[in-house]
**Student:** 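The structure's right below; bear with me while I get my questions together.
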There are 2 protein chains.
Amino acid sequence: MQISSRFSIGVHILSLLAIQPQDHHTSEWLAGSVGTNPVVIRRVLGHLKKAGLANVKAGSGGATLARELDDITLLDVYRAVDVVEEGRLFHMHEQPNPACPVGANIEQVLRLMMFKAQAAMEGVLAAVTMRELVDVLAREIEEKRAAISPK
Amino acid sequence: MQISSRFSIGVHILSLLAIQPQDHHTSEWLAGSVGTNPVVIRRVLGHLKKAGLANVKAGSGGATLARELDDITLLDVYRAVDVVEEGRLFHMHEQPNPACPVGANIEQVLRLMMFKAQAAMEGVLAAVTMRELVDVLAREIEEKRAAISPK
DNA sequence: TTCGTTGTGATGATTATAGTTACAACACGT
DNA sequence: ACGTGTTGTAACTATAATCATCACAACGAA
């Protein structure tokens, strides 16, 4: 199974808010760039709002960043959009037989390994800020632009 | 979403094969320790067999290890049971708008981060052998046994 | 040849994802 | 105060994966 695209959508949205701060960022507009339905955007944006990463104005509409880019890590987004219940990336089978020595002890041993593996993954996400990601993204955009229309 | 319990079941099965080598390991018997249906066991065992981690005898029945414990990592099991398509732990939304600068470039930038995160997770699994896991498990079992009936 | 077992197809219940429609609540400009 | 455009949500749908279970043919050894 895969981690929901809510995560990538969340990052995409925040990138848009960061790179094009002048626009009126409606869910309709954001949906156009992400390539999905405005309601999907609103739902993800709802998560980002609850996590204090974005501001969304009801009524008049429009979303903005609620924190500095340096202050948002990919892990923040990952947690915000709620793709994996905390500490539960791996699903452990639920009824090992306590009457069997292996069944009675496998869970705690295996959970430790699972936890370490998951922590390593999240550690990478925690080490990358939206600032870094947006900088790389901006460089990509600029490079392509320059390649198409060299001065 | 979570990574399928096929992984934990696979590890459980291999642990049983390692720790109780004298038994006739039928799917029925293994299912008793794992706490599931024999068919589920047979299917996971099928994966382990295909990956060269276990031998299964049709007809007369019974499974055995096909490799030394030192020669099986948790990553081998993880790959064997096919819980995550290679390199695809994260699901990236599929239609970012190529006409938008962000939409056109977010994928390659984000995929790189996702790849690193996933690689870190798999690195931990690759670093743990079934030997190590079984040793820890055996120690747990022995400790509990000793606590119940001290000499 | 009989018996227990494996391998596998088929089915069903459950759960998550992702898209869509619909609409009340809301904010702002006029 | 009103109209317009937007958000927040509920509801519904389609799709897909998981896991348990039944059923049964193919197989192996006594």
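All chains are named by letter (A, B, ...) in the order of the sequence lines, taking the proteins before the strands, and each is independently numbered beginning at 1. Just so it is clear, the structure is predicted and the values come from calculations on it, not from any experiment.
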**Student:** Would you confirm whether B:Ser5, through its side chain, and B:Ser8, through its main-chain N or O, come within 3.5 Å as a donor-acceptor pair?
**Tutor:** no
**Student:** Look at all strands and tell whether A:Lys50 reaches a base, only sugar-phosphate, or nothing, counting heavy atoms closer than 4.0 Å.
**Tutor:** nothing
**Student:** In terms of hydrophobic clusters joined by side-chain contacts under 4.5 Å, are A:Val77 and B:Phe115 together?
**Tutor:** no
**Student:** Hey, which sits more toward the 5' end of DNA chain C by its nearest nucleotide, A:Arg42 or A:Ser5?
**Tutor:** A:Ser5
**Student:** Which residue, B:Glu28 or B:Met1, contacts DNA chain C at a nucleotide closer to its 5' end, judged by nearest heavy atom?
**Tutor:** B:Glu28
**Student:** For nucleotides 10-16 of chain D, which of its nitrogen or oxygen atoms have a protein nitrogen or oxygen under 3.5 Å away, and what is each distance?
**Tutor:**
| unit_1 | atom_1 | unit_2 | atom_2 | d |
| --- | --- | --- | --- | --- |
| D:dA11 | N6 | A:Arg43 | NH1 | 3.4 |

**Student:** Could you tell me whether a side-chain N or O of A:Arg6 sits under 3.5 Å from a main-chain N or O of A:Val81, the two making a donor and an acceptor?
**Tutor:** yes
**Student:** List for me each residue that meets side-chain hydrogen bond (donor to acceptor under 3.5 Å, both in side chains) alongside B:Glu85, sequence neighbours excluded, and say none if there are none.
**Tutor:** none
**Student:** Just by distance, no angles: are the side chains of B:His25 and B:Thr64 close enough, under 3.5 Å, to form a donor-acceptor pair?
**Tutor:** no
**Student:** Under a 4.0 Å heavy-atom cut-off, which of residues 56-64 of chain A touch DNA chain D?
**Tutor:** A:Val56, A:Lys57, A:Ala58, A:Gly59, A:Ser60, A:Gly61, A:Gly62
**Student:** Could you tell me the boundaries of the chain A footprint on DNA chain C, defined by atoms under 4.0 Å from its heavy atoms?
**Tutor:** C:dT17 to C:dC28
**Student:** Could you list the cluster mates of A:Met1? Members are the ILVMFWY residues connected by side-chain heavy atoms closer than 4.5 Å, either directly or through other members.
**Tutor:** B:Met1
**Student:** For residues 39-51 of chain B, which residue pairs qualify under side chain to side chain donor-acceptor pair (under 3.5 Å), counting only residues two or more places apart or in two chains?
**Tutor:** B:Ser27-B:Arg42
**Student:** Just checking A:His93: base, sugar-phosphate only, or nothing, at a heavy-atom cut-off of under 4.0 Å?
**Tutor:** nothing
**Student:** Are a donor atom and an acceptor atom from the side chains of B:Thr36 and A:His93 found within less than 3.5 Å of each other?
**Tutor:** no
**Student:** Using 30° and 60° as the class boundaries, would you call the ring planes of A:Tyr78 and A:Phe7 parallel, tilted or perpendicular?
**Tutor:** perpendicular
**Student:** Quick check: do B:Ser60 and B:His24 have side-chain heavy atoms less than 4.5 Å from each other?
**Tutor:** no
